[in-house]
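A, B, ... follow the sequence lines: proteins, then strands. Residue 1 opens every chain.
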Amino acid sequence: MRFIVAKITTRDKDYSQWYIDIVLNAKLADYAPVRGCMVIRPNGYAIWEKMQQALDGMFKETGHTNAYFPLFIPESFMTKEAEHVEGFSPECAVVTHGGGKELDEKLYVRPTSETIIWSMYKKWIQSYRDLPLLYNQWANVVRWEMRTRLFLRTTEFLWQEGHTAHETYEDAEAEAMRMIHVYQRFAEDYMAVPVIVGKKSDAEKFAGAVHTYCIEAMMQDNKALQAGTSHYLGQNFARAFDVTYQDRTGQQQFVYATSWGVSTRLVGALIMSHSDDQGLVVPPKLAPTHVVIIPIFRTDEEKQQVCDAAFTLKKEISAAGFRVDVDDRDQYKPGWKFNEYEMLGVPLRIEIGPRDLASGVCTIARRDTGEKTTLPLTEAAGKTGGLLDSIQNGLLEKAKKRLQEHLFVTDSYDQLVDIVTKEKGFAKSHWCGSPVCEAKVKDQTKATIRCIPFDEPEEAGSCVVCGGASSKRVIFSKAY
RNA sequence: CGGGGUGUAGCGCAGCCUGGUUAGCGCGCCUGCCUUGGGAGCAGGAGGUCCCGAGUUCGAAUCUCGGCACCCCGACCA
């Protein structure tokens with residue numbers, strides 16, 4: 001008899017509560033004593049570490065190196081770039097005292113590191129021979145948000161920020177474009193999250209950027225989540241921090257810049273993309289544990305035999321290159337463990353009991369579909385890789401299908417309002433490019449232009465709001 | 001900052017209106033027995049500044065006043 005203990009709210013009943021229940025019950029994070037802050041627990045941090053490993057490898061492949069810049073930024077740095085300070089100062093934490101004395105100059109806790117990094121780039125860049133400079137840092141940042149949500153928006157969060165300096169507009173532009181595609185590849189290949197890649201409208205771009213590229217994902221409630229951004233900063237920060245170089249003709253030029261980042265928000269994106277009412281679902285490439293083996297036994301003698309088989313299998317699976325655990329605790333019954341590992345999102349579960357052992361088999365259950373199959377014990381390790389691949393692909397395909405099914409092309413304003421306000425999905429409509437039309441949609445529906453997709457074909461059309469000329473459709477949606 | 005709500009065991013709550021034995025229930029936790037193929041059962045046990053402060057009273061979780069914290073909804077954002 002299948003008996004489900006209702007530990008988590010169903011998605012159907014209350015999607016946000018479901019999300020919170022998953023985070024807490026899968027032990028990914030917990031609320032910290034400080035408002036808006038969270039503790040990332042080992043289960044959650046392990047996923048972040050897997051993300052870091054994959055991304056860091058991709059950054060190294062594209063020629064980037066890691067460095068670390070200070071947490072504290074002098075107030076005078078923050079105010080140097082006009083748009084930047086306007087965008088960030090309302091959400092900054094500021095240190096006014098240190099060592100028991102009031103500071104001569106206040107220190108901002110970094111909300112992002114452009115300013116302090118460019119103050120250093122000024123020292124390090126003199127010639128075109130010093131370029132490009134391709135640095136990345138893994139760090140924490142603080143943004144004093146009004147409303148916070150575990151992983152999606154917390155006062156302090158972990159991220160990676162790339163900051164590059166280039167000779168020409170073309171080089172910097174190519175870098176911004178290259179990195180947004182790295183993020184796309186990471187989202188799809190590792191997270192199994194399909195994304196729409198595009199450009200932000202001016203209203204949505206980063207404070208201080210010339211333009212911003214982004215990847216937008218669709219969560220299971222059909223709302224959008226910005227999963228990564230890449231900014232072409234032009235010469236804005238070079239001018240603010242007077243960073244010039246001598247070019248190939250001997251002239252002094254301002255340096256062209258980019259910055260790009262993804263954060264622990266990705267863990268939230270991962271949860272809301274794949275998990276179900278039983279708990280967390282993690283794609284194998286990011287799963288801290290690939291396989292959990294659950295021995296089933298009554299007597300001590302049975303325990304001995306079954307555990308022998310379980311640990312032998314563990315060795316084989318481990319030797320095949322997968323992360324595997326045996327849970328031989330006897331204070332919990334197998335049924336309890338089944339539910340527990342489904343909550344934790346382990347992709348594959350192998351059950352070995354006396355009956356299996358008698359016929360030399362084991363039972364494998366996959367987390368994504370719940371499907372159980374019986375396999376000869378000798379074949380289990382060999383089949384693990386194929387099953388994990390199948391889960392990884394299955395999750396991506398399922399997410400792609402969901403995205404396609406909730407992406408609506410419309411030329412009617414009423415339909416657009418209907419789609420975004422009833423949270424049916426993304427609306428793809430023509431937009432004339434005017435901030436006024438964009439603001440009208442936002443005021444009336446709370447939905448924003450998520451991005452102007454790269455792969456959207458040019459076509460003559462009229463703005464869904466004002467009827468003015470438009471050459472391309474954009475994505476409207478409510479967002480996290 | 002506006003509107004609403006909640007503070008009682010690790011978690012979720014009841015008790016408060018109508019003050020009065022030792023503050024209770026479910027889950028979890030500990031010990032033992034028994035069980036183990038989808039969250040078993042029984043017995044025993046540990047665990048409390050009833051958010052804080054002042055007041056009323058013989059007596060306050062309960063009534064009064066003041067404070068604090070957190071949550072939800074709206075205005076800002078990766």
Side-chain angles (χ1 to χ4, degrees), chain A residues 1-9 14 16-17 20-21 24-25 30-37 86-92 111-112 140-149 151-161 183 200 203-207 209 212 214-217 224-231 259-269 278-279 294-300 302-303 306 327-343 349-358 361-365 370 372 374 442-443 446 448 450 479-480:
Chain A
M1 190 176 90
R2 194 178 173 87
F3 177 58
I4 303 301
V5 177
K7 278 193 95 166
I8 55 179
T9 310
D14 183 345
S16 349
Q17 190 58 48
I20 294 166
D21 288 351
L24 298 178
N25 284 295
D30 204 350
Y31 292 103
V34 180
R35 195 203 81 95
C37 292
E86 194 190 331
F88 280 107
S89 53
E91 49 179 316
C92 284
T112 178
N140 59 336
V141 287
V142 167
R143 296 183 187 176
W144 217 263
E145 303 291 353
M146 294 179 183
R147 194 165 162 212
T148 56
R149 289 169 65 97
F151 286 112
L152 300 176
R153 184 172 298 103
T154 47
T155 300
E156 180 189 10
F157 58 94
L158 306 183
W159 79 347
Q160 139 299 293
E161 47 181 327
Y183 290 153
K200 284 289 186 193
E204 298 287 325
K205 77 178 167 69
F206 174 75
T212 290
C214 64
I215 54 173
E216 295 283 329
L225 187 130
Q226 178 174 308
T229 51
S230 169
H231 316 290
S259 68
W260 28 273
V262 295
S263 71
T264 38
R265 167 177 256 206
L266 290 178
V267 177
Q278 316 304 330
I294 303 193
I296 297 159
F297 48 82
R298 272 190 210 83
T299 61
D300 283 350
E302 277 177 355
K303 178 176 180 182
V306 164
D327 186 349
D328 61 350
R329 292 177 296 176
D330 50 15
Q331 71 264 42
Y332 295 111
K333 292 174 56 173
W336 188 93
K337 293 178 185 175
F338 297 168
N339 286 289
E340 182 68 6
Y341 289 102
E342 279 165 14
M343 183 68 78
R349 180 184 71 236
I350 298 182
E351 306 163 16
I352 304 179
R355 292 208 299 272
D356 294 313
L357 221 50
V361 298
C362 63
T363 303
I364 299 192
K372 279 192 187 190
T374 302
K442 188 175 181 182
D443 290 345
K446 310 268 187 236
T448 50
R450 299 319 303 155
Y480 277 97

Revision key, fill the gap. Whole-Å distance, A/Phe338 CZ to B/U36 P, equals 13 Å

Exercise for review: Using the six-membered ring wherever Trp is involved, compare the ring planes of A/Tyr183 and A/Trp260 and label them parallel, tilted or perpendicular (cut-offs 30° and 60°).
Suggested key: perpendicular

Check your understanding: Base, sugar-phosphate, or nothing for A/Gln226, non-hydrogen atoms under 4.0 angstrom?
Key -> sugar-phosphate

Practice item. For A/Gln17 and B/G12, give me the distance from atom CD to atom P, rounded to whole Å. Key: 11 Å

Exercise for review: Between B/G7 and B/A43, how far apart are the C1' atoms? Round to whole Å, please.
Suggested key: 35 Å

Point to revise | Nearest-nucleotide comparison on RNA chain B, the residue closer to the 5′ end among A/Ser16 and A/Glu204 | key: A/Ser16

Exercise for review: Tell which nucleotide pairs with B/C70, taking only Watson-Crick or G-U wobble pairs whose two distances are both under 3.5 angstrom.
Suggested key: B/G5

**Study point:** Whole-angstrom distance between B/C50 and B/A60, as gauged at atom C1'
**Key:** 11 Å

Check your understanding: Checking all strands, does A/Asp356 fall into the base, sugar-phosphate, or nothing category for heavy-atom contacts under 4.0 angstrom?
Key -> base

**Study point:** Test item: side-chain donor near acceptor, A/Asp21 and A/Thr9, under 3.5 Å
**Key:** yes

Review point. Rounding to the closest angstrom, what is the interatomic distance between B/U64 and B/G24 at atom P?
Key: 25 Å

**Study point:** Watson-Crick or G-U wobble partner of B/U64, both distances under 3.5 Å
**Key:** B/A54

Exercise for review: Using the C1' atom on both, measure B/C63 against B/C1 and round to a whole Å.
Suggested key: 32 Å

Check your understanding: For B/U36, which nucleotide is its Watson-Crick or G-U wobble mate, given both distances must be under 3.5 Å?
Key -> none

Exercise for review: Measure from CG on A/Asn339 to P on B/G37 and round the result to the nearest Å.
Suggested key: 11 Å

Check your understanding: Are A/Arg298 and B/U36 close enough that a side-chain N or O sits under 4.0 Å from OP1 or OP2?
Key -> yes

Review point. Is the base of B/G38 touched by the side chain of A/Arg349 through a donor-acceptor pair closer than 3.5 angstrom?
Key: yes

Check your understanding: Between A/Trp336 and A/Tyr332, how do the two ring planes meet: parallel, tilted or perpendicular, split at 30° and 60°?
Key -> parallel

**Study point:** Minimum-distance nucleotide to A/Met146 side chain [options: B/G37, B/C76, B/A78]
**Key:** B/C76

**Study point:** Sugar-phosphate only, base, or nothing, as touched by A/Phe206 at under 4.0 Å among non-hydrogen atoms
**Key:** nothing

Review point. What's the spacing between A/Thr374 OG1 and A/Asp356 CG if we round to 0.5 Å?
Key: 7.0 Å

Exercise for review: Identify whether any heavy atom of A/Thr229 sits under 4.0 Å from a base atom; if not, whether one sits that close to sugar-phosphate; answer base, sugar-phosphate or nothing.
Suggested key: nothing

Review point. Can you tell me how far P of B/U35 sits from CD of A/Glu302, to the nearest Å?
Key: 12 Å

Point to revise | Pairing nucleotide - B/G44, Watson-Crick or G-U, each distance under 3.5 Å | key: B/C30

Review point. Got a salt bridge between A/Lys200 and A/Glu216, using NZ or NE/NH1/NH2 to carboxylate O under 4.0 Å?
Key: yes

Review point. When all nucleic acid strands are considered with a 4.0 Å heavy-atom cut-off, which category describes A/Thr154: base, sugar-phosphate, or nothing?
Key: base

Review point. How many angstroms lie between CD in A/Glu145 and CD in A/Glu156, if you round to the nearest 0.5 Å?
Key: 13.0 Å

Check your understanding: How far, in whole Å, is B/C34 from B/G19 if one measures between their C1' atoms?
Key -> 47 Å

**Study point:** Below 4.0 Å: OP1/OP2 of B/A75 and any side-chain N or O of A/Lys446
**Key:** yes

Practice item. Select one nucleotide: of B/G39, B/U36, B/G37, the one nearest the side-chain heavy atoms of A/Trp336. Key: B/G39

Exercise for review: Give a yes or no on whether A/Gln17 atom CD has more than 12 heavy-atom contacts from other residues, nucleotides or ligands under 6.0 Å away.
Suggested key: yes

Review point. Which part of the nucleic acid, if any, lies within reach of A/Ile294 when heavy atoms closer than 4.0 Å are counted: base, sugar-phosphate only, or nothing?
Key: nothing

Point to revise | Pairwise P distance for B/C11 and B/C71, with rounding to whole Å | key: 14 Å

Review point. Considering only the P atoms, how many Å lie between B/G67 and B/G12, rounded to the nearest integer?
Key: 27 Å

Check your understanding: Out of B/U36, B/G38, B/A78, which nucleotide sits closest to the side chain of A/Pro334?
Key -> B/U36

Practice item. With P as the reference atom in both, quote the distance from B/C17 to B/U6 in angstrom, rounded to an integer. Key: 16 Å

Point to revise | Atom-pair distance (CG on A/Asp327; P on B/U36), nearest Å | key: 18 Å

Review point. Under 4.0 Å between a side-chain N or O of A/Arg147 and OP1 or OP2 of B/C73?
Key: yes

Practice item. Select base, sugar-phosphate, or nothing to describe what A/Glu340 touches, counting heavy atoms under 4.0 Å on all strands. Key: base

**Study point:** Any A/Lys333 side-chain nitrogen or oxygen under 4.0 Å from OP1 or OP2 of B/G37
**Key:** yes

Check your understanding: Once you round it to whole Å, what is the distance between P of B/G38 and CD1 of A/Ile296?
Key -> 8 Å

Check your understanding: So what does A/Thr112 hit on the nucleic acid, given a heavy-atom distance under 4.0 Å: a base, only sugar-phosphate, or nothing?
Key -> nothing

Revision key, fill the gap. Per nearest nucleotide of RNA chain B, the residue lying toward the 5' end, A/Arg143 or A/Phe297, is A/Phe297

Check your understanding: Checking only heavy atoms, does the side chain of A/Lys372 share a donor-acceptor pair with the base of B/G37 at less than 3.5 Å?
Key -> no

Practice item. Answer yes when A/Glu342 and A/Arg349 have at least one side-chain N-carboxylate O distance shorter than 4.0 Å, and no when they do not. Key: yes

